[in-house]
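Just so we're on the same page: letters track the sequence lines, and every chain starts at 1.
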2 protein chains.
Amino acid sequence: MPGLSNTALPLYEKVKDFVLDNIGNGNWPQNEKLPSEHDLVSSLGVSRMTVHRALRELTDKGYLRRVQGVGTFVSPPRAQSTLIEISNIVSEIKARGSRHRAEVVILERIERPDEMLLRAFEYTEPRPVDHSLIVHCENGVPVQLEERYVNPTLVKHYLDQDFTSAATYDYLQHSTPLTEVEHLISAIPATERDAKLLHIRERDSCLVLNRKTWTGPTVATVNTFTYVGSRYALGSRYLSPAR
Amino acid sequence: MPGLSNTALPLYEKVKDFVLDNIGNGNWPQNEKLPSEHDLVSSLGVSRMTVHRALRELTDKGYLRRVQGVGTFVSPPRAQSTLIEISNIVSEIKARGSRHRAEVVILERIERPDEMLLRAFEYTEPRPVDHSLIVHCENGVPVQLEERYVNPTLVKHYLDQDFTSAATYDYLQHSTPLTEVEHLISAIPATERDAKLLHIRERDSCLVLNRKTWTGPTVATVNTFTYVGSRYALGSRYLSPAR
DNA sequence: AAGTCACGAATGTATAGACAACTATAGACA
DNA sequence: TGTCTATAGTTGTCTATACATTCGTGACTT
């Protein structure tokens, strides 16, 4: 029981969150050996298969390294994220060993979306849209402004999430069966609102990632991630097989 | 028993192979509904958890799409590349039907690189570096500033290229056997020099793509592509399933 | 005709238990 | 001293089972 968050996520997601937290807060430093699966089973009160799945998925994503017969170890932080799996800034910050804080600025259901939103969702008639605006801070410094518009018929209970947990963002990405994702990356000067929220000056350069997802023919989410240009870079590293 | 390969792989890997084979040989065409987990359990003689793991991993990789309560479906092959192969602005401009013009600003061999360049190339002793600076215009309007530093021992005759032809850029990207590529995308304000060359104001937002390539252990090229933020966006589109 | 509800079917998660495979280490033996 | 071996500890795989969640359908009701 101790250590696992209280939200409605699946258990293996909570375990992943628990591990990332321990990495982030320095409890388990780089190359540290994690408690064995058996230990985690005892201390967390879940079955071994659940722990195993959590550790395997974190290994697949590069956070851990496992050696059969020996143990599980914390991997050195990756230089950057890959482009496919961007947008989970929370895991990134935690894995880097920084302190993460999410500040929820807006959390609402828009009953009557304006013209632009309707177009973005390809609605023909006015229907509600869920809306969140969150500032993500790394060690107290704002890094990313995350604005999401969500189709509530496709993503139920979106507004009820715990937006301070890393697992939430992981979960959101896999909970809806996406059929299409579009990314658009641009550089734009900060608006007055963005500048205020990110603690930068107006017109300062921001890296903006627009992400639009579909489930079948209908638009599921329309997201805008605004990074502070002077504090963040998106990276991808490609290694050919031979090395 | 029937259908699973005979090698020493784990069962769930064999199930994955089995599914991929059926997709590959056209047995299960695009958007076809797969047999249910229960059916596969019967026909393959493995437990449901094993089938489930196989299907889940194939889903994560984009080969399948699953809908709870409905079934599992074959996804169309991935239509699109990721961001790896951007940066050939010339083809892009031409494909858009616009007029392209390349303006060579600098073309030189630097015999004695400064400290920063040496670090970028991980040189331990001073060695020459080829250098080009080119402005790309779409219909007469500057869009991209392309600055390349090239290791002349790996890329021969770099300075002799025809930098106004689209094919040149295609060629440069594939002429050297790269073993590693690193992309870093950031948003930074235009410097005085960049502003002048791109016909924008100083401090205007630019999208900067840094690209560094290795051939074996040695650095081959260090490139910086600076896009005018208000005139350009990088895009990637990922298609997965039924549409 | 339209809405509601119950049910079946399919996937999602979780558990307990078993065995296999691998590694490091300590102890036995030459 | 050096080598081999047994063993404990850890991760990897697999099964059987149970319950949860979601979706579509068809029967029933209104």
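- Remark: DNA chain C forms stems of 3 or more consecutive Watson-Crick or G-U wobble pairs, all pair distances under 3.5 Å, at C:1-30 with D:1-30.
- In this structure, B:D39 atom CG and C:dA9 atom P are separated by 11 Å, rounded to whole Å.
- Rounded to whole Å, atom P of C:dG12 lies 13 Å from atom CD of B:E57.
- Residue A:H52 places at least one side-chain N or O under 4.0 Å from the OP1 or OP2 atom of D:dG12.
- The side-chain heavy atoms of A:R112 and A:P128, taken from C-beta on, include no pair separated by under 4.5 Å.
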Stepwise side chain to side chain contact (heavy atoms under 4.5 Å, CB included) check, A:N151 with A:V219: CA-CA 7 Å; A:N151 186 334; A:V219 177; 5.8 Å; no
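- Residue A:H38 is classed as having no contact, given no heavy-atom separation below 4.0 Å to the nucleic acid.
- In terms of phosphate contacts, A:T72 brings a side-chain nitrogen or oxygen within less than 4.0 Å of OP1 or OP2 of D:dT11.
- No side-chain heavy atom of A:V150 sits under 4.5 Å from any side-chain heavy atom of A:V129.
- Distance, A:R53 CZ to C:dT15 P: 12 Å, rounded to whole Å.
- Within 6.0 Å of CD in A:E192 there are 12 or fewer heavy atoms belonging to other residues, nucleotides or ligands.
- Here the side chains of B:P35 and B:W28 are in contact, with some heavy-atom distance below 4.5 Å.
- Distances shorter than 4.0 Å separate none of the side-chain N or O atoms of B:R66 from OP1 or OP2 on C:dA10.
- When rounded to the nearest whole Å, the span between CG of A:L40 and C1' of D:dT10 equals 12 Å.
- Side-chain N/O atoms of A:H136 and A:E103 include no donor and acceptor closer than 3.5 Å.
- For the residue pair B:R66 / B:T72, a side-chain donor-acceptor distance below 3.5 Å is found, with atom types taken as modelled.
- Across the protein-nucleic acid pair, A:R56 atom CZ and D:dG12 atom C1' stand 9 Å apart, rounded to whole Å.
- Taking only side-chain nitrogens and oxygens, A:Y12 never comes nearer than 4.0 Å to OP1 or OP2 of C:dA14.
- Here the side chain of A:S36 is nearest to one of D:dT11, C:dT11, D:dA16, namely D:dT11.
- Rounded to whole angstrom, the span from the CE atom of A:M49 across to the C1' atom of D:dT17 amounts to 13 Å.
- When the C1' atom of D:dT11 is taken as reference, atom NZ of A:K33 falls 11 Å away, rounded to whole Å.
- Aromatic pair A:Y149/A:Y158: centroids not less than 6.0 angstrom apart.
- Going from atom NZ of A:K16 over to atom C1' of C:dA14 covers 16 Å, rounded to whole Å.
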Pairs under 3.5 angstrom, nitrogen or oxygen only, protein versus nucleotides 19-27 of chain C, please.
| unit_1 | atom_1 | unit_2 | atom_2 | d |
| --- | --- | --- | --- | --- |
| C:dA21 | N3 | A:Q68 | NE2 | 3.4 |

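- Residues B:Y12 and B:V46 have side chains not in contact (no heavy-atom distance under 4.5 Å, counting atoms from C-beta outward).
- Residues A:E57 and A:T59 have side chains not in contact (no heavy-atom distance under 4.5 Å, counting atoms from C-beta outward).
- Of the side-chain N and O atoms in A:T50, none sit less than 4.0 angstrom from OP1 or OP2 of C:dT13.
- The nearest heavy atom of DNA chain C to B:E37 and to A:S47 marks one nucleotide each, and the one closer to the 5' end goes with B:E37.
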